[in-house]
Amino acid sequence: MKAPKLIDLNTKTPTAKPIDDQFKKAVIQQTEVENETVRRTFSIEKFYSSYIDKIATDLTQKQGKPVNASQALRIIIKRDMERAGQ
């Protein structure tokens, strides 16, 4: 039996393709969201809750993956902030 050829991975340079910039941005954004998430409790009218659920449903159909109410609310707030120029 031949002896295995051992390679020091600490000195090996990666040969894989660089990660797509959009992928990097998504990972960074998700990491920031996870690191800075704050749980709050709000009381809102049923109309607003229904609107958030409607947006979540629309995004679920558009993206082809489940979007919960918290994600939909973050998207709504982010969209509003972009409109306000923040």
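Between Ser50 atom OG and Glu45 atom CD the span is 11.0 Å, to the nearest 0.5 Å. Distance NZ/Lys78 to CZ/Arg83: 14.0 Å, rounded to 0.5 Å. The line from CG of Asn68 to CG of Leu73 is 10.0 Å long, rounded to the nearest 0.5 Å.
Within 6.0 Å of the CD atom in Gln63, the count of heavy atoms belonging to other residues, nucleotides or ligands exceeds 12.
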Side-chain donor/acceptor pairs under 3.5 Å, residues 53-60, sequence neighbours excluded:
{"residue": "Lys54", "atom": "NZ", "partner": "Asp58", "partner atom": "OD2", "Å": "2.9"}
{"residue": "Thr57", "atom": "OG1", "partner": "Asp53", "partner atom": "O", "Å": "2.9"}
{"residue": "Thr60", "atom": "OG1", "partner": "Ala56", "partner atom": "O", "Å": "2.8"}
{"residue": "Thr60", "atom": "OG1", "partner": "Val67", "partner atom": "N", "Å": "3.0"}

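You'll find the side chain of Arg74 stays beyond 4.5 Å of the side chain of Ile77, heavy atoms only.
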